[in-house]
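As C-alpha cells, the structure follows; a few thoughts come after it.
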Amino acid sequence: MKEALRTRVEDALRALLAAAGDHEPLPDFAIEVPRQKEHGDFSCNAAMLLAKRRGRKPREIAGELMDRLGDAGGLVTRAEVAGPGFLNVVLASTGWQDRIHEILEAGPRFGRAADPAPGASRPRVQVEFVSANPTGPLSTGHGRQAVLGDCIAKLLEASGWDVTREYYFNDGGRQMRVLGESVKARYLEHLGRAAAPSAEALADPEKAWQDSVDGLPVVFPKDGYQGDYIVDIAVSLAEQEGAGLVDEPGDGRFREVAQAVIFENIEGTLKRLGIHFDVYFNERSLYTDGKLDEALADLRAAGLVYDADGAVWFKATACGLDRDRVVVKSTGEPTYLMPDIAYHREKFRRGFDLVIDIQGADHIEQFPFVREAAARLGADRDRMELVMHQFVTITSGGERVKQSTRKATFITVDEVVDDVGADVFRFFMIERKRDGHLDFDLDLAKDKNWRKNPAYYVQYAHARTHGIERKALEANVAMPAPHGFDATRLVLEEEIELVKKLVLFPEIVARAAESREPHHVAYYLREVAGLWNPYLQDGERHRVLSEDAALSAARLGLALAVRHVLASGLALLGISAPERM
RNA sequence: GCCCCGGUAGCUCAGCGGAUAGAGCAGCUGCCUUCUAAGCAGCGGGUCGCAGGUUCGAUUCCUGCCCGGGGCGCCA
C-alpha cells in the first residue's frame, strides 16, 4: 500500500518536474507514517526537498503535487498541504480494513521474508555469540549476549538467511590451568591438607595473601576462581576419588573434570533459555589441524608479521591501525589473537556469505585487528560484522552489584531464571537497545507480582485471543476463514488503529533485522498489546462476540490477526506465546 | 592521554533529518469490576548534558567540551 502510494507520488513528481523542463533525477523523498494522526496516514516531504532546486515555495510545490496526485487511483480519500510543505494523505478506510485478510492469509508467516525461489538457496550467515570459556557459570552479562545473539539469529532467519549459530571456546591455556589449580586447592582444603586463604586475602590477593594459615599451606592461586561452584566440584571429586588425587597436578584431572562439569552447566543454562548452537568450535582444533600455523606462515609471507623482543608481531600499523600487536609470545605460545585470526579466515573458507561476531563492550577493541588480519588472508572485510553490546549492571536493594568472574558477588543466569523464568529473563534482556547499559533491577525481576511486567502484558494479550476463541466455541461460533468475513464492519477508530499497527509488523521486523536491534520488536509488541488489551477491556463499546454475527466474525478476524502478529513477534524474541495464563 | 558507548519526564527507557518529543512505572483526579485478570479518561511533570556547525528543518548528522560507564597487556 505504501509502495503503491509511492509509485503514484513518483509519477506525479515526474510529471510536475517535466512540465517545468526539469529532468534531473527525483529527490530521495520519504513517505512515512506521521507521529501525529492528525497529519494523516502518510506524509510526504518531497516538496521541501525540491524547493531550493525549483526556486519555489515548498507549500506551492506541495499544492501542485497534490493536484497532480489526485486520488491516486482510488487510494486516497483526502490530501492536504500542511506545515512547512508536507503533503499529508488520508487513505480510504477500506484500504486498511482489507489488510486484515492479507494478515490472516499469511498467518504465522506474516512479517517474514518469502521463501527463496525453487532451486535458489538462502544466503548463509554465521552468528558467533556467547563464546564463554568454561571457567564458570554464565553471568547475566553472558545472558544478555546469549539472548541478543539468539534473537538476531531468529530475525535473520525471518529475513531469509540460512543461519548457523556458533559458540567458540578455548578449553586450554592459562585460564583453564588456573581453574584446575583452584579446584585442586579446594580439594586439598576439603581433605584438610591445605588452608583456605582468608576472606581478606581473597579480596586483595596482592596485599593480604598468606603462605600458610594455622600451619597448613595455602595453595589457592592468587588469581584463582573463587565461586562456590569450584568448591562443589572439589567436594564431589573428593567424595568420588577420596585422597587419590593429592598428587595430581591442577591442570590434569582437576581441570578436565572442572571443564566438563562447567560446560555441562553452561549448556544446561542455554537450553533453559531455549538457545541451541549448531556448532561448538574449539579453538584447540586450530592447532591440531595446522590452521593456526598456516595462517601465521601466510601472514609472514605477506610481510605482515615481524620478530621483535623475542616475540612475533602483527604489523597492524601497516593496515591503518594504531599499533602493532603480539601474536606469538616470546615463550613461543600464541596470544588469543592468532587463533582468532585463523578462525575468522576459516569462517569464510566454510562458505559463509556473512559473518557476525557478537561481543561485549570489553572486547570490541580487538575486532579491528582480527578483521584486518583475516582480510589480508582472503576474508572479506565488508562481510565481517561486529555487533557490540554494553554490559548488564545488576541493581539489588538499591545498590549496584559489582560482578566479577572470580569473586563471590557473581550473579548467574541460572539464579535469575530460577526466580523469573526464561520468558521474563529474555524479555528484560532484549527490551533495551544493545549499545546502552542494561540496568537489570533484580528486585523488580524477582518480584512475583506480575502485574507490571511487560512480558506478561504481551503474553496475556496473546492468550486473550485464545480466550475469545474458547468463548466463541462455547457459543458455537466458528473462527472465520482468512476471507470469510466482511472487514469493512470494523469502523471504529480503535479498530482501524489496531489494523494500522498490525500492518507495520513486517517493516519492524525488517528494520530490527537489518540494524541487528531486536529491541524494536519488543517495543512494537508492547504497543500492539497496549492497543489490544484496552480494546478488550471496554466490552461495552466493542464486545467481540455479539448478536450481530457479521460484526462478530469481523472482530474475530481482527483477534486472529492480532494473534498472528503477537505470536510471531514473541517467537522472534524466543518467548512463549501461551494460549492461557 | 587515546579509543568505544551512553546522557531525553521523579524512575526505567523508546524515538527512521521533519510538524506540538513519546511509552511504561510512580504521583494526582474521576470512572470501571471485565469476551479470566494487568482496565479507561484526564491532569501534573522536559533548557532532549553544554556550545558551535551543516540543513528549508537537528533530540536525530558533524566538531569541540562537560558528566557517567568501559577499554587501552607478550590476559582471554
Side-chain angles (χ1 to χ4, degrees), chain A residues 30 32-36 38-39 43 45 47-52 57-58 82-86 88 131-133 135 169-170 173-176 178 223 283 308-313 322-323 325-337 339-340 360-366 368 388-391 393 395 405 431-441 444 449-454 456-457 460-461 463-465 467-472 474-475 507 511 515 519-520 522-524 526-527 529-530 533-546 552 555-556 559 580-581:
Chain A
E32 52 191 11
V33 180
R35 266 204 277 246
Q36 284 155 275
E38 300 80 57
H39 294 147
S43 176
N45 66 349
M48 290 176 289
L49 299 175
L50 282 170
K52 194 174 224 176
K57 291 178 180 166
F86 291 103
N88 293 339
S131 295
N133 288 342
T135 60
F169 70 102
N170 175 11
R174 201 188 77 90
Q175 268 188 29
M176 300 304 291
V178 172
D223 49 358
E283 178 189 318
D309 306 326
V312 182
W313 295 71
D322 59 350
R323 67 187 179 97
R325 298 288 303 266
V326 170
V327 288
V328 182
K329 299 183 234 177
S330 54
T331 59
E333 197 183 357
T335 64
Y336 73 94
L337 193 56
D340 225 10
D362 56 336
H363 280 217
I364 54 176
E365 205 185 335
Q366 320 306 334
M388 193 258 336
H389 69 90
Q390 288 288 348
F391 295 134
T393 54
T395 305
T405 314
E431 188 189 22
R432 292 169 197 169
K433 74 174 179 231
R434 55 181 169 70
D435 45 9
H437 285 99
L438 191 151
D439 184 22
F440 199 110
D441 186 337
L444 184 68
N449 179 358
W450 50 343
R451 260 185 293 184
K452 295 159 193 169
N453 194 315
Y456 291 128
Y457 188 74
Y460 183 56
R464 290 177 102 169
T465 68
I468 287 167
E469 177 167 350
R470 286 189 290 270
K471 267 280 188 278
E474 279 172 26
E507 267 179 62
R511 195 171 121 218
S515 62
H519 76 279
H520 291 304
Y523 268 86
Y524 169 78
R526 287 179 71 166
E527 287 172 357
N533 282 330
Y535 178 82
L536 295 182
Q537 205 68 27
D538 193 353
E540 287 297 313
R541 186 163 153 77
H542 28 51
R543 203 167 178 81
V544 171
L545 296 166
S546 67
S552 294
R555 287 178 172 167
L556 285 172
R580 62 174 83 226
M581 292 175 74

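Please read all numbers here as calculations on a predicted model, not as lab measurements. Letters go in sequence order (proteins before strands), and every chain restarts at 1.
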### Task
Look at the side-chain N and O atoms of A:Lys57 and state whether any lies under 4.0 Å from the OP1 or OP2 oxygen of B:C56.
no

### Task
For A:Ile364, report the nucleic acid contact type (base, sugar-phosphate, nothing); a contact means any heavy atom under 4.0 Å.
sugar-phosphate

### Task
Determine the contact category for A:Arg526: base if any of its heavy atoms lies under 4.0 Å from a base atom, sugar-phosphate if only primed atoms, P, OP1 or OP2 are that close, otherwise nothing.
sugar-phosphate

Heteroatom pairs (N/O) under 3.5 angstrom, protein to nucleotides 72-75 of chain B:
residue: B:C74; atom: O2; partner: A:Ser330; partner atom: N; Å: 2.9
residue: B:C74; atom: O2; partner: A:Ser330; partner atom: OG; Å: 2.9
residue: B:C74; atom: N3; partner: A:Ser330; partner atom: OG; Å: 3.3
residue: B:C74; atom: N4; partner: A:Asp309; partner atom: O; Å: 2.7
residue: B:C75; atom: OP2; partner: A:Lys329; partner atom: NZ; Å: 2.8

### Message
Distance check, P atoms only: B:U63 and B:A21, in whole angstrom units.
### Response
27 Å

#### Entry: Backbone N/O of A:Leu545 and side chain of A:Arg555: donor-acceptor pair under 3.5 Å
no

### B:C3 versus B:C48 - spacing of their C1' atoms, nearest Å
26 Å

### Query
Which whole number of Å gives the distance between the P atom of B:G24 and that of B:C35?
23 Å

#### Entry: Under 3.5 Å donor-acceptor, A:Asn133 side chain and A:Asn170 backbone
yes

### Query
When all nucleic acid strands are considered with a 4.0 Å heavy-atom cut-off, which category describes A:Pro534: base, sugar-phosphate, or nothing?
sugar-phosphate

### Query
Thinking salt bridges, do A:Glu431 and A:Arg526 make one under a 4.0 Å N-O criterion?
yes

## Note on the structure
For A:Lys57, the salt bridge (Lys or Arg N to Asp or Glu O under 4.0 Å) test, sequence neighbours excluded, returns none

#### Entry: Between P of B:G15 and CD of A:Glu32, the distance in whole Å
15 Å

### Query
What integer number of Å spans the C1' atoms of B:C11 and B:G57?
33 Å

### Task
Would you mind checking if A:Asp223 and A:Arg174 are paired as a salt bridge, meaning a charged N to carboxylate O distance below 4.0 Å?
yes

### Rounded distance in Å - OH (A:Tyr457) to P (B:G24)
8 Å

### 5′-ward residue of the pair A:Ala82/A:Leu536 relative to RNA chain B
A:Ala82

### Task
Check A:Thr335 against A:Val326 and note the closest heavy-atom contact, atom names and distance.
OG1-O, 3.0 Å

### Query
With no angle test and no hydrogens, is the base of B:A19 tied to the side chain of A:Asn45 by a donor-acceptor pair under 3.5 Å?
no

### Message
For the C1' atoms, the ones on B:C28 and on B:G44, what distance do you get once it is rounded to whole angstrom?
### Response
8 Å

### Task
Taking only the side-chain heavy atoms of A:Arg470 (C-beta and beyond), determine which of B:G18, B:A38, B:U36 contains the nearest atom.
B:U36

### Task
Name the nucleic acid region contacted by A:Ser43, choosing base, sugar-phosphate or nothing; use a 4.0 angstrom heavy-atom cut-off, strictly under.
base

### Query
Taking all non-hydrogen atoms of both residues, which atom of A:Met176 and which atom of A:Thr135 are closest, and how far apart?
SD-CG2, 3.8 Å

### Message
What's A:Ala559 touching, base or sugar-phosphate or nothing? Going by heavy atoms closer than 4.0 Å.
### Response
nothing

### Query
Quick check: does any side chain N or O of A:Ser131 sit under 3.5 Å from a backbone N or O of A:Phe169, one acting as donor and the other as acceptor?
no

### Query
Could you give the NE2-to-C1' distance, from A:His389 to B:G71, as a whole number of Å?
14 Å

#### Entry: Between C1' of B:A19 and CZ of A:Phe86, the distance in whole Å
5 Å

Can you check nucleotides 10-14 of chain B for protein contacts, nitrogen or oxygen pairs under 3.5 Å, and list what you find?
residue: B:U12; atom: O2'; partner: A:Arg432; partner atom: NH2; Å: 2.6
residue: B:C13; atom: OP1; partner: A:Arg432; partner atom: NH1; Å: 3.1
residue: B:C13; atom: O2'; partner: A:Tyr523; partner atom: OH; Å: 2.1
residue: B:A14; atom: OP1; partner: A:Lys433; partner atom: N; Å: 2.6

### Message
Quick check: closest heavy atoms across A:Tyr457 and A:Pro534, and the distance to 0.1 Å?
### Response
OH-CD, 4.0 Å

## Note on the structure
On RNA chain B, more 5' by nearest nucleotide between A:Lys471 and A:His363 is A:Lys471

### Query
Mind checking the P distance from B:A19 to B:C65? Whole angstroms is fine.
30 Å

### Message
Could you tell me if the side chain of A:Asn533 sits less than 4.5 Å from the side chain of A:Arg464, heavy atoms only?
### Response
yes

### Summary
Side-chain contact check for A:Pro84: nearest option of B:C35, B:A38, B:A19 is B:A19

### Query
How far does the C1' atom of B:U33 sit from the matching atom of B:C40, given to the nearest Å?
12 Å

#### Entry: Between B:G6 (C1') and A:Met388 (CE): distance, integer Å
9 Å

### Task
Compare the minimum distances between each of B:A19, B:U36, B:U55 and the side chain of A:Lys52, then state the nucleotide with the smallest one.
B:U55

### Query
For A:Tyr524, what residues pass the ring-ring contact (aromatic ring centres under 6.0 Å, His included) criterion, not counting sequence neighbours?
A:Phe505

### Query
Can you name the residues that form a salt bridge (Lys or Arg N to Asp or Glu O under 4.0 Å) with A:Arg432, not counting sequence neighbours?
none

### Query
Which atom pair, heavy atoms only, marks the closest approach of A:Pro84 to A:Met48?
CG-SD, 3.7 Å

### Query
Expressed as a whole number of Å, how far does the C1' atom of B:G10 sit from that of B:C16?
30 Å

### Message
Rounded to whole Å, please give me the gap between CG in A:Asn533 and C1' in B:C35.
### Response
13 Å

### Query
What is the distance from CZ of A:Arg580 to P of B:C35, rounded to the nearest Å?
16 Å

### Task
Describe the nucleic acid contact of A:Leu49 in one word from base, sugar-phosphate, nothing, applying a heavy-atom distance below 4.0 Å.
base

## Note on the structure
When rounded to whole Å, the OH to C1' distance for the pair A:Tyr456 and B:C25 reads 18 Å

### Task
Would you write the dot-bracket representation of RNA chain B, where each base gets (, ), [, ], | or . depending on whether it forms a Watson-Crick or G-U pair under 3.5 Å and with which partner?
(((((((..((((....[...)))).(((((.......))))).....(((((..]....))))))))))))....

### Query
Any side-chain donor-acceptor pair under 3.5 Å between A:Tyr336 and A:Gln366?
yes

